[in-house]
Amino acid sequence: MADLQYKIIVGLEIHVQLRTKSKMFCSCALEFGAEPNSRVCPVCLGMPGSLPVMNKQAFEYSVLAGLALNCNIPMFTKWDRKSYYYPDLPKNYQISQYDLPLSEKGFIEIPLESGETKRIRIIRAHLEEDAGKNVHSASSYSQVDLNRTGTPLLEIVTEPDMNSGAEVRALAVELQRLVRFIGVSEADMQKGHMRFEPNINMKIIRNGKEYRTPIAEVKNLNSFRALERSVTYEAQRQLSEFLETGIEFGMGNKTTRGWDDEKEMTVLQREKEEAHDYRYFPDPDLVPVELTQEWLDEIKSRLCELPLKKQLRYVQEYNLSDYDAGVLTADRATADFFDEVVNAGGDPKRVCNLLTQTGLKITKEKNCNITDLPVTPKGMADLAKMVDEGTISASSATTIFEAMVQTGKQPDVLASELNLVQKSDAGELESIVDQVIAENSEAVADVISGGKKEKKARGFLMGQVMQKSKGQANPKVVSEILAKKLK
Amino acid sequence: MEELTAKQLRDKIASGQIKSLDAVNDVFSRIEKYEPVIGAYISTFKEQAIEQAEQVDKKVSAGEPLGQLAGVPIAVKDNMCTTFGATTCASKILENFHAPYNATAVEKLIAADAVIIGKTNLDEFAMGSSTENSGLKKTVNPWDTTRVPGGSSGGATASVAARMCSAALGSDTGGSIRQPASFCGVVGLKPTYGRVSRYGLVAYGSSLDQIGPVTQTVEDAALMLNVIAGHDSSDSTSVNETIAPTYDYLEKLNEPVEKLKIAVAPQLNAGADQQVQNTLHEAINIYKNLGAEIIEVKMPHLDYAIAAYYIIATAEASSNLARYDGVHYGHRTQNPKDYVEVYSKSRAEAFGQEVKRRIMLGTYALSSGYYDAYYLKALKVRNLIRSDFTKAFEKCDCVMMPVAPTTAFKIGEKTSDPLQMYLSDIYTIAANLAGIPGISIPCGFDDKDLPIGLQILSPAFTEDKLLRIAKMYEKENNWYDKRPNI
Ligand SMILES: [Zn+2]
């Protein structure tokens with residue numbers, strides 16, 4: 001048996017659709033599911049004489065994403081034409097960026113299952129226009145829908161820094177959270193807002209000698225599941241192919257493969273990557289974009305603490321569980337709200353529980369953001385404080401939260417309206433305790449004797465007090481009085 | 001009525017002395033008479049023109065405000081999109097193409113109350129110097145019907161020369177307004193790149209293309225520029241008014257330029273026909289007599305202008321014309337085997353020889369492995385030519401040179417030798433590469449009674465001064481009074 005070690009190597013190309021109102025180079029609306037060829041104009045149809053005009057918002061979103069990916073943002077960037085003939089590309093060239101992308105040399109941190117993070121380097125991120133969609137009919141013709149033509153796409157290219165399907169998935173998921181967080185993309189997988197193309201090969205060490213398998217690029221994956229599985233599948237396939245044939249990586253033996261979702265396997269699409277000559281050249285219809293420091297600073301000012309960093313901070317500073325911190329940082333609105341509540345004096349852990357257990361349940365039901373609810377950060381902080389100060393019980397907090405959502409009233413008002421304020425007056429509670437002690441001499445004896453039954457007996461006495469106070473006694477105060485009296 | 005310039009006609013229409021309807025009818029009777037010989041128009045719009053004219057006449061009698069071209073019959077080169085009629089670019093591939101929008105320049109004509117008479121012939125996709133490359137029809141020179149009108153705006157210049165319209169819009173990528181203007185004895189102005197919106201001008205070489213007027217006089221050119229110049233948010237390369245303001249080009253037109261300094265480049269002019277050189281000389285003498293100072297400049301890189309031009313223009317063209325594929329509009333081959341055949345056969349069937357040649361040249365120049373040697377080098381030459389002009393303009397107000405090495409040549413004379421044809425653009429191409437404005441004005445005739453043009457080039461966005469310099473010469477002679485005898 002030969003000594004065999006291997007490692008999978010994956011680099012990823014990701015297309016992210018930006019959430020601009022209009023297309024990249026014309027004013028047609030971006031709308032998912034509109035009637036075919038109803039969101040088009042002379043520009044995106046590539047009609048003779050039409051000219052593109054850059055969508056400034058798309059450019060700014062891209063710069064913002066570049067900054068979030070820790071990229072270098074050059075002050076000068078330009079547009080190039082990439083030529084190829086395809087029916088879904090009306091001009092038969094795509095406006096893209098070739099040698100001077102708007103951002104380059106960055107990185108993204110991705111969370112690993114171990115709880116650690118890994119840094120994946122970004123080669124570049126550039127802006128381009130999407131093509132349309134060919135609809136192949138069963139008969140002898142195809143149809144083309146050009147609604148999607150001209151949609152702004154941010155293409156992000158990573159270094160081959162990932163070494164497992166799980167890592168590739170983690171990057172994709174993290175990137176989705178990131179672009180949503182900074183508001184540049186809805187990143188809705190169902191609507192094809194993110195598309196992935198992993199480049200995969202294997203590093204194999206056999207008997208001390210290192211080999212690399214030919215690279216396979218898997219085209220057009222649009223779910224995390226397909227992405228992860230295709231990478232894992234491809235690793236196995238390349239390993240067995242190598243063991244069988246011994247073919248190594250070489251010039252011109254890169255292949256293009258597709259993912260068959262039903263058979264759960266990759267299938268060969270193109271044997272040898274044809275030496276595509278896209279004949280890139282600067283688009284003479286568009287002027288280069290020259291950023292000013294002022295403009296760049298303005299875009300920078302829109303940047304916020306990024307989700308992964310926030311998540312780690314919540315764990316470290318607030319002692320939240322990694323899971324809860326992940327839930328709170330899944331989207332910007334929730335995270336911002338949480339931060340504001342904490343700033344308003346709410347205990348992070350208490351606020352986290354209220355938000356994750358009640359708040360997000362409500363927003364899910366209502367299909368809205370936490371900020372859409374009539375609950376202010378101050379109101380929420382007050383609610384958390386009331387629990388911590390014993391004014392209300394933790395379970396009442398949920399009831400009050402729900403009432404706040406329904407009525408928009410302040411928590412203290414609701415607490416008294418709903419009769420949920422706990423009795424904390426020592427004098428009043430003492431008389432109830434005295435009454436309970438007098439009525440339950442057996443349990444009292446168990447507590448005082450300090451034997452096996454003490455805990456149970458103490459709980460029993462507590463329960464009696466709560467019952468007599470109709471659940472309004474502050475348990476903390478009651479247990480203090482009990483302790484004092486039964487020393 | 002054909003004696004009137006566009007400006008004179010507009011003033012007479014505005015003052016009620018002439019009805020626009022009569023002017024339009026007059027133009028159409030001339031078209032009926034001469035068009036069978038000249039062949040300037042691909043399409044005409046008589047009904048629509050009459051309607052437009054009647055509307056202008058109504059405005060006049062109602063005392064409503066009138067546009068600067070109110071009631072004036074104007075022709076448009078058929079590479080500018082119009083919602084009326086077809087927009088063919090004189091190509092079989094777009095023979096039945098109806099644009100869904102008007103080019104900005106056309107919109108501006110309409111907004112100025114111009115009456116659009118028809119669309120004029122050109123070399124297919126504006127690729128050529130004689131209009132012989134038209135895929136749809138033949139246009140001849142009104143001065144000698146055995147000769148070419150020049151190109152590519154040959155239909156526009158022939159129609160103005162034959163007074164089958166008062167003025168026309170042409171486009172100029174390497175001389176396509178100025179060279180045919182000189183061949184047809186009319187005025188042709190190529191504005192600064194970015195001065196007039198290209199939106200709706202079907203692209204040939206996007207970084208070189210510019211729309212401009214073809215007129216009887218310098219004054220008419222100023223009038224037309226008044227209407228079409230200005231920033232357009234639909235064209236990213238059109239220049240913002242804050243950077244380069246437009247003017248009322250008519251306002252100071254008659255004021256001579258004081259202390260005028262004219263540059264000539266003798267070594268460059270030596271290549272032109274002797275009669276062309278002599279005429280240029282006489283024209284410059286007129287300026288001298290008007291007090292201008294003449295200096296000599298060297299523009300060493302202009303020798304490479306043709307080479308650079310035919311790489312840059314064809315590279316851009318190869319990409320601009322990729323969209324004519326039979327998939328979305330235009331000519332589509334019958335019974336293609338697969339989608340690749342839709343492309344290859346549709347294009348093979350409908351593009352003409354010259355268009356194919358330029359697409360191949362451009363595709364080659366952009367191919368990997370050749371890009372640096374051709375396209376990139378051509379861009380470098382372009383920069384050197386630009387700096388040749390910048391240096392020259394430090395010492396002078398304008399550069400004068402011939403428009404073309406010869407007067408109008410015989411039909412068929414150069415069609416078999418494309419290189420010879422390319423060389424006829426030698427004096428005009430540099431202005432496109434440098435992006436500066438240039439004008440061609442009539443400055444005499446050769447021994448065959450064929451018109452000769454004088455070319456004046458000035459710094460970017462100085463059309464106001466350029467027109468004033470041209471006007472200084474025009475006042476001193478009466479070339480434009482001479483009409484072709486068709
Ligand atoms: Zn559009």
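We name chains A, B, ... by the order of the sequence lines, and we start the count at 1 in each one.
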Would you check, one step at a time, whether the test side chain to side chain contact (heavy atoms under 4.5 Å, CB included) holds for A:E217 with A:T255? CA-CA 6 Å; A:E217 178 172 353; A:T255 54; over 6 Å; no
List the steps, then state whether ring pair (Phe, Tyr, Trp, His ring centres under 6.0 Å) holds for B:Y371 with A:F281. CA-CA 9 Å; B:Y371 182 88; A:F281 81 107; 7.9 Å; no
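Of the listed residues (B:A99, B:S206, B:C81), the one with the most heavy-atom contacts under 4.5 Å to chain A is B:S206. In terms of heavy-atom pairs under 4.5 Å with chain A, the best-connected choice from B:S207, B:G200, B:S233 is B:G200. Top candidate by heavy-atom pairs under 4.5 Å with chain A, chosen from B:N79, B:L201, B:L94, is B:L201. In terms of non-hydrogen atom pairs under 4.5 Å with chain B, the most contact-rich of A:S27, A:P90, A:S83 is A:P90. Put simply, of A:P48, A:C26, A:C41, A:P87, the one with the most heavy-atom pairs under 4.5 Å next to chain B is A:P48. When the candidates B:S367, B:S318, B:A203 are compared by the number of heavy-atom contacts under 4.5 Å with chain A, B:S367 comes out ahead.
When heavy atoms are compared at a cutoff of 4.5 Å, B:Y193 approaches chain A solely by way of its side chain, counted from C-beta outward. Proximity to chain A (any heavy atom under 4.5 Å) is shown, for B:T363, by both the backbone and the side chain. Residue A:Y93 touches chain B through its side chain alone, counting heavy-atom pairs closer than 4.5 Å. Of the two parts of B:N320, the backbone and the side chain both hold a non-hydrogen atom closer than 4.5 Å to a non-hydrogen atom of chain A. Contact annotation for B:A315: only backbone heavy atoms (N, CA, C, O) come within less than 4.5 Å of a heavy atom of chain A. The contact between A:Y280 and chain B is made entirely by backbone atoms, counting heavy-atom distances below 4.5 Å. For B:Y324, the part sitting under 4.5 Å from any heavy atom of chain A is the side chain, from C-beta outward, and nothing else. With a 4.5 Å cut-off on non-hydrogen atoms, B:Y329 touches chain A through its side chain but not through its backbone.
Side-chain atoms of B:D172 and B:N432 form a donor-acceptor pair, as typed in the model, at a separation below 3.5 Å. Side-chain atoms of A:D130 and A:T149 include no donor-acceptor pair closer than 3.5 Å.
A:P152 is not listed as a side-chain neighbour of A:F25, based on a closest heavy-atom distance of 4.5 Å or more.
Close placement of the B:Y339 and A:Y86 rings is indicated, their centers lying within 6.0 Å of each other. Ring to ring, A:F59 and A:W295 are close: their centroids are under 6.0 angstrom apart.
With respect to the salt-bridge test (charged N to carboxylate O, under 4.0 angstrom), the residues A:D285 and A:R81 qualify. Under the 4.0 Å criterion applied to side-chain N and carboxylate O atoms, A:K78 and A:D283 are not assigned as salt-bridge partners.
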